[in-house]
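Values below: all heavy atoms of this structure, side chains included; hydrogens, waters and symmetry mates excluded. Chain letters run A, B, ... following the sequence lines, proteins first, then strands; residues in each count from 1. These figures come from a predicted structure and were not determined experimentally.
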2 protein chains.
Amino acid sequence: MALGKDYATQECSIAGALEIVGERWTLLVVRDALYGVRRYNDFLVHLGIPRAVLASRLQALTAEGILEKRRYQESPPRDEYVVTDRGIALWPTLRSLGRWGREHLGEARLRYFRHATCGTELGPYGECATCGTVVPVPDVEMVPGPGLDPDPADPVSRALLKPRRLLEPIDTRHA
Amino acid sequence: MALGKDYATQECSIAGALEIVGERWTLLVVRDALYGVRRYNDFLVHLGIPRAVLASRLQALTAEGILEKRRYQESPPRDEYVVTDRGIALWPTLRSLGRWGREHLGEARLRYFRHATCGTELGPYGECATCGTVVPVPDVEMVPGPGLDPDPADPVSRALLKPRRLLEPIDTRHA
DNA sequence: CAACTCGGTTCAATGAATGAACCTAAGGTG
DNA sequence: CACCTTAGGTTCATTCATTGAACCGAGTTG
């Protein structure tokens, strides 16, 4: 899907965007990256994605400048994938997609998103009604809702049971 | 992708939404429906999608209540696919995806979206700065930009060269 | 030294997408 | 009437992507 031979004739920036992030699993990888997931194994267990597909998606997202591969320890050599500004810019899209899913598929409230500095729940497009501004992604606090499994199997889901800010790295060693 | 056996374990409304509209071609079909495309053949020539895939996507979108199949003439029997409120609700998502595509993939201005009643260009989330409101989709005017091919091959693209409102049905017979 | 973790790659089997051909029902033209 | 065209599909063989399991190598822990 990312080879220019597909949506290339579309003359449309929606089609162009989908060339990059429209493949299966890709937007969920970006979502997890915004939630603070950084390590290969954490993506793996949280998404339930085949290893080969994850490796391919991480590589593609890195090549597109949406994630950045970064060494975080030398011995043993370990890399993490950190979301870039270009990836952070996908937050409004993911936010509106999530809202559509909840409103039109009748899903229970799984997570709330609030303005961390004032506690107001975010509006449809990520804005704070109290402050009258679009909330910067690092100031968005993610709070678990009532529909969430209280005792999930994987350590990433367990870490996400606590309120936390977007982008804040997840440490699965103490979960 | 739409069988519940894929993203089903995600506990996430983003994953739920992607179950429905995350398949290849699906969001482009919805985009075209918002642009006013209604007929099988118009989707076909405008998207360059294989016939079998288009038939499958139209059926799935109809089953999900995003499009509505409606007979518009009896002899010969002809049906059109009209976007529903649930489909219209995907406009903010498509809008933000398109913005991301233009800003981060360096695409030329292909189309502008304006508030039809006052002429102001839409903000990032489809709001009108002049009126201070989120513009209802039927009041969004789509205007071709400088990057667009001035003489496209297919009649749908030709019809889209004129400024027009979203949802306004495209008539390819006089294009 | 054995076992384990992390971050992958390789491989066979399955499933989806593709493009061409075909089909049906109706209408238009000569 | 014979023939061609249009709209809206279906069917089919080929190609391509996804899947899940197995394997691997570097390094670390017991």
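Atom pair B:L47:CG and C:dG19:C1' shows a separation of 16 Å (rounding to whole Å applied). Nucleotide D:dG8 holds its C1' atom 18 Å from the CZ atom of B:R57, rounded to whole Å. Distance CG (B:L54) to C1' (D:dA7): 12 Å, rounded to an integer number of Å. Between the CD atom of A:E23 and the P atom of C:dA16 there is a distance of 17 Å, rounded to whole Å. Regarding B:I49, its CD1 atom lies at a distance of 16 Å from the P atom of C:dA16, rounded to whole Å. Computed from coordinates, the B:Q73 CD to C:dA26 C1' distance equals 10 Å when rounded to whole Å. Between the CG atom of B:L44 and the P atom of C:dT18 there is a distance of 12 Å, given to the nearest Å.
Of the side-chain N and O atoms in B:S75, none sit less than 4.0 angstrom from OP1 or OP2 of C:dA25. An OP1 or OP2 oxygen of D:dA17 is reached within less than 4.0 angstrom by no side-chain nitrogen or oxygen of A:W25. Within the structure, a side-chain polar atom (N or O) of A:R24 is placed less than 4.0 Å from OP1 or OP2 of D:dT19.
Here the CG-CG distance, from B:L61 to B:L67, works out to 4.5 Å after rounding to the nearest 0.5 Å. Put simply, CG on A:L94 and CD1 on B:I14 are 5.0 Å apart, with the number rounded to the nearest 0.5 Å.
Using modelled atom types and a 3.5 Å distance limit, the side chains of A:D32 and A:H46 yield a donor-acceptor pair.
Among the nucleotides D:dG20, C:dG27, C:dA17, the one closest to the side chain of B:P76 is C:dG27.
In this pair, A:F113 and A:Y35 present their aromatic rings tilted. The plane angle is within the 30 to 60° band.
Under 4.0 Å is where a charged nitrogen must lie from a carboxylate oxygen, and between A:R114 and A:E121 no such pair does. The residues B:D139 and B:R165 are annotated as salt-bridged, a charged nitrogen and a carboxylate oxygen being separated by less than 4.0 angstrom.
Connectivity analysis of hydrophobic side chains (ILVMFWY, heavy atoms under 4.5 Å, direct or indirect) links A:L161 to A:L110, A:L148.
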- Query: In the 5'-to-3' direction, what one-character label does each nucleotide of nucleotides 3-9 of chain C receive under the scheme B = base within less than 4.0 Å of a protein heavy atom, S = sugar-phosphate only, - = no such atom?
  - Reply: --BBBBB
